[in-house]
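Here's the structure, in structure tokens; my notes come after.
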Amino acid sequence: MQQRLAVTGPSAARVARVLALGLDLPDGLLSDASGVPPEELPQTMRLLRDSGLLAPDADRVVPAVATAIKADLSPAELRRVHSDVAHALLASGLDPMVTANQLRAARVLGPVAADVYRAAGERVCLAEPELALAWFDDAADAGAD
């Protein structure tokens, strides 16, 4: 997989890593998370599709390719991808649950992460109290009161 991504170039490799997480991100967030300028994103996506890495009917990495991309990354590299996505989501103000999951996967701590974890817990506290407690524990670990 490394060789295949190397042939596509660094921009396409960064986009493929973000897409391998399986999130349905709008183009602006995909651009922010991957560091590929918005004006280059369509060409980059075309390159990934022409290389056989994207599903023919969607802007998603083929599942086997996604598994291979994630397996090829070291744990620290994978956390970095999650962190980049989380920070793009934070800047956008979109769904706190998706953001919280990305922050958790990246093992991000600190006041901002604590606020997101708390918001995630509050969002599910009535429907899923055990999940809410896990989010509140993450918030406490991240430094929340």
Side-chain angles (χ1 to χ4, degrees), residues 1-124 127-128 130-132 134-144:
M1 187 50 55
Q2 259 182 345
Q3 291 174 342
R4 190 91 179 249
L5 286 176
V7 170
T8 64
S11 292
R14 288 193 309 270
V15 170
R17 287 183 190 112
V18 171
L19 290 174
L21 299 181
L23 302 171
D24 187 19
L25 300 175
D27 287 352
L29 278 174
L30 181 56
S31 175
D32 291 346
S34 65
V36 173
E39 61 275 5
E40 292 179 24
L41 192 59
Q43 178 184 353
T44 303
M45 296 294 284
R46 170 53 75 182
L47 178 61
L48 288 170
R49 184 175 310 284
D50 292 348
S51 298
L53 300 176
L54 294 186
D57 59 345
D59 286 341
R60 293 188 182 270
V61 175
V62 173
V65 171
T67 300
I69 288 171
K70 290 187 288 186
D72 190 47
L73 296 172
S74 71
E77 289 170 319
L78 185 56
R79 284 192 303 273
R80 183 68 211 174
V81 175
H82 282 292
S83 178
D84 291 344
V85 170
H87 286 94
L89 287 164
L90 277 170
S92 74
L94 290 179
D95 189 356
M97 291 302 294
V98 175
T99 305
N101 281 313
Q102 293 304 304
L103 288 169
R104 178 188 271 171
R107 298 183 186 166
V108 174
L109 301 176
V112 173
D115 289 343
V116 174
Y117 297 146
R118 185 180 318 115
E122 289 169 354
R123 187 164 185 193
V124 298
E128 300 177 73
E130 288 181 24
L131 180 58
W135 285 120
F136 294 143
D137 286 343
D138 286 349
D141 291 345

May I ask you to test the [X]-[Y] pair for a side-chain heavy-atom distance under 4.5 Å?
X: E40; Y: S11; value: yes
X: V116; Y: L90; value: yes
X: R118; Y: W135; value: no
X: L131; Y: R123; value: no
X: L19; Y: R60; value: no
X: V62; Y: L53; value: no
X: L89; Y: L25; value: yes

So if I apply the salt bridge (charged side-chain N to carboxylate O under 4.0 Å, His left out) rule between R104 and each of D137, D141, D138, which one comes out positive?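 Of all the options given, the one that passes is D138.
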Looking only at heavy atoms, the pair that brings L29 and S92 closest together is CD2-CB, 3.7 Å
Ignoring hydrogens and angles, tell me if any N or O in the side chain of [X] forms a donor-acceptor pair with the backbone of [Y] under 3.5 Å.
X: D72; Y: A68; value: no
X: S34; Y: R14; value: no
X: Y117; Y: A140; value: no
X: S51; Y: L47; value: yes
X: E122; Y: A119; value: no

State, without any angle test, whether Q102 and T99 hold a side-chain donor-acceptor pair at a distance under 3.5 Å.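 No - no donor-acceptor pair under 3.5 Å links their side chains.
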Between D59 and R49, does any NZ, NE, NH1 or NH2 come within less than 4.0 Å of an OD or OE carboxylate oxygen? yes
Taking atom NZ of K70 and atom CZ of R17, what is their separation to the nearest 0.5 Å? 14.0 Å
Drop me the distance from M45's CE to L41's CG, to the nearest 0.5 angstrom. 6.0 Å
How about CD on Q43, more than 12 heavy atoms from neighbouring residues, nucleotides or ligands closer than 6.0 Å, or not? no
